[in-house]
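Counting starts at 1 for both ligands and their atoms, in listed order.
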Amino acid sequence: MIERRYYGEFGGAYIPEILVSTFEQLVMAFQAAKANPAFRQEYEDLMSTYSCRPTPLTFAENLTKYFAGPRIYIKREDLNHTGAHKINNVMGQGLLVKRMGKGRVIAETGAGQHGVATATMAAKFGFDCTIYMGEVDVARQRPNVFWMERLGARVIPVRDGSRTLKDAINEAFRDWAANMDDTHYVLGTACGAHPFPEMVTYFQSIIGREARRQVMDREGRLPTRVYACVGGGSNALGIFSGFLDDPVELVGVEAGGKGLETGRHASRLASKDGSVGVAQGYKTYFLQNDDGQMKETHSVAAGLDYIGVSPILAALRAAEKVRFEATTDQEVLDAFSLTLKKEGLIPALESSHAFAQVFKETKDLGKDDIILINLSGRGDKDIFTVADAFSDPQWNQFIQKKAEEYGA
Ligand SMILES: *Cc1c(COP(=O)(O)O)cnc(C)c1O
């Protein structure tokens, strides 16, 4: 009997019959690994020697002065190998794949960041690797496709439907069902059927454990609030899990896109547009029409541009443990610029959502308060989007042309 873990009314495992035994095997491998202290040690050793863990905690002295309010600290997930928290999850799954004795991994990717992280993991562990990517995204994300291929992965452009992320997910599931004996599907966030939400959160919780210890070492007390951006929810759950039993306010920040009132956003929990449904193997809030058709979402940050959200976050909201907000593309670009100029940090546009929300709320807090922001990734990858947004078409064309030359 397959385990179908729920979080309140959310989660579960709504999977085709053919994949049941594969999910059972994964659940068992994960439970056994989790119960074994040597596994956690192996994982932490790997992350400290391969991906710069523990990542530092940076005091944002200039931003703190600028707002003349709470003390602002930044958890530096941007310093991970491949530039974001995603590596925490894929390396953990890589260790499980090894334990299950499989030799092939597949993944789907939209913006390409999860694809690059998975291809990196596959190279390191010696796995065969196939990445599914919508044809539209392949064209939009040439530099990432270039690196995935150089890392030895096969990138398959998906030509069905809207030729974006959701079509790539369907294709990856088809591959998995056909090749499950030797193949593991590396899901990139804390979504999907059980055990993925729990498993991805387990690996990402390394962020919160470190961050809690680091704030305590530095300040001798807990932060007042912790902020993280929310796409699927993995970096948010990673940092929040360090503080779930503490009297700390947790704030998840979704993509407000052009504004919640326009309908052009990717806010499932902070807007009124999300509704509970079942899709892609799990039950959560989705941006869907009355007949269950998924809506078009929009965000300046590709990594937040997703129709669903982690069932664990949906449950934490229902339990009033996490507050959800949304920031618009424009607020995000302003926060991005301010963070560069004041701290010399280049946050990913995804992470800049958390910064934008903090900047809106500093006036509510006093100088004794401490704020912790999860800087989920670095913004180098956003060069085209940022050049576009700041109306620098010449520079953008130059970079695009160069990228195409290298990619060709
Ligand atoms: C992918 C990505 C996200 C969104 O994913 P979550 O699972 O919500 O964390 C956020 N930040 C960065 C830098 C990313 O690459």
Side-chain angles (χ1 to χ4, degrees), residues 55 74-90 92-93 107-118 120 137 141 144 165 186-192 196-208 226-241 250-255 266-270 280 282 284-285 297 299-314 316 322 324 326-327 332 335-336 339 345-357 373-383 385-386:
T55 58
I74 301 172
K75 178 63 171 162
R76 300 293 306 281
E77 291 303 297
D78 60 317
L79 293 177
N80 274 296
H81 181 41
T82 69
H85 69 293
K86 286 191 167 74
I87 197 88
N88 302 330
N89 167 42
V90 300
Q93 290 196 43
E108 92 295 329
T109 190
Q113 296 303 112
H114 175 56
V116 171
T118 302
T120 300
D137 292 327
Q141 305 292 339
N144 282 333
L165 182 63
V186 185
L187 219 108
T189 188
C191 290
F196 284 106
E198 182 191 342
M199 187 169 76
V200 175
T201 300
Y202 171 80
F203 291 124
Q204 294 292 1
S205 70
I206 196 167
I207 305 172
V226 179
Y227 292 79
C229 66
V230 179
S234 72
N235 87 88
L237 282 164
I239 195 153
F240 292 168
S241 44
L250 307 173
V251 186
V253 188
E254 294 182 311
S267 170
R268 295 101 347 150
L269 296 173
Q280 295 171 1
Y282 69 115
T284 192
Y285 278 86
T297 52
S299 171
V300 72
L304 304 188
D305 201 352
Y306 176 55
I307 45 146
V309 66
S310 177
I312 305 179
L313 283 177
L316 286 170
V322 180
F324 285 88
T327 51
V332 165
F336 170 86
T339 307
L345 299 173
I346 311 179
L349 288 173
E350 288 82 1
S351 324
S352 299
H353 282 69
F355 284 78
Q357 190 63 31
I373 311 174
N374 199 26
L375 175 42
S376 52
R378 64 175 190 235
D380 311 44
K381 67 182 178 60
D382 296 317
I383 186 165
T385 313
V386 172

Lys86 versus Ala117, closest heavy-atom pair with distance:
CB-CB, 4.3 Å

Between Glu77 and Asn88, is any side-chain donor less than 3.5 angstrom from a side-chain acceptor?
yes

Do Leu316 and Leu237 have side chains that approach each other closer than 4.5 Å (heavy atoms only, starting at C-beta)?
yes

Identify, for atom 6 (P) of ligand 1, the protein heavy atom at the shortest distance, and state residue, atom and that distance.
Ser234 N, 3.4 Å

Which option out of Gln113, Lys86, Glu350 puts a heavy atom nearest to atom 14 (C) of ligand 1?
Lys86

Check each atom of ligand 1 against the heavy atoms of Thr189 and keep those under 4.0 Å away; list them by number with element.
6 (P), 7 (O)

Going by the order shown, which atoms of ligand 1 are within less than 4.0 Å of some heavy atom of Gly233?
6 (P), 7 (O), 8 (O)

So how far is it from Leu187 CG to Asn89 CG, rounded to the nearest 0.5 Å?
8.0 Å

Under 4.0 Å from a heavy atom of Ala348: give me the atoms of ligand 1 that qualify, with their elements.
13 (C)

Proximity to ligand 1 by part of Ser376, non-hydrogen separation under 4.0 Å
both

Within the structure provided, determine whether Leu313 and Phe240 are in side-chain contact (heavy-atom separation under 4.5 Å).
yes

Can you sort out which atoms of ligand 1 are near Asn235, meaning under 4.0 Å from one of its heavy atoms?
6 (P), 8 (O), 9 (O), 10 (C)

May I ask you to identify, for His114, whether its side chain, its backbone, both or neither come under 4.0 Å of ligand 1 on a heavy-atom basis?
neither

How far apart are the closest heavy atoms of Cys191 and Tyr306, and which atoms are they?
SG-CE2, 3.9 Å

For ligand 1, which atoms have a heavy atom of Gly377 less than 4.0 angstrom away?
13 (C)

Closest by any non-hydrogen atom to atom 8 (O) of ligand 1: pick that one out of Cys229, Gly231, Gly238.
Gly231

Whether Ser352 side chain and Val332 backbone form a donor-acceptor pair below 3.5 Å:
no

Just which atoms of ligand 1 are under 4.0 Å from any heavy atom in His85?
2 (C), 3 (C), 6 (P), 9 (O), 10 (C), 11 (N), 12 (C), 14 (C)

Just to confirm my output: which protein heavy-atom neighbour is closest to atom 4 (C) of ligand 1, and how far is it?
Gly303 O, 3.3 Å

Between Gly232 and ligand 1, is there a nitrogen or oxygen pair with a distance under 3.5 Å?
yes

Pick from His114, Lys381, Gln113: which one makes a side-chain hydrogen bond (donor to acceptor under 3.5 Å, both in side chains) with Asn144?
Gln113

Mind checking whether Thr120 and Val90 have side chains closer than 4.5 Å, heavy atoms only?
no

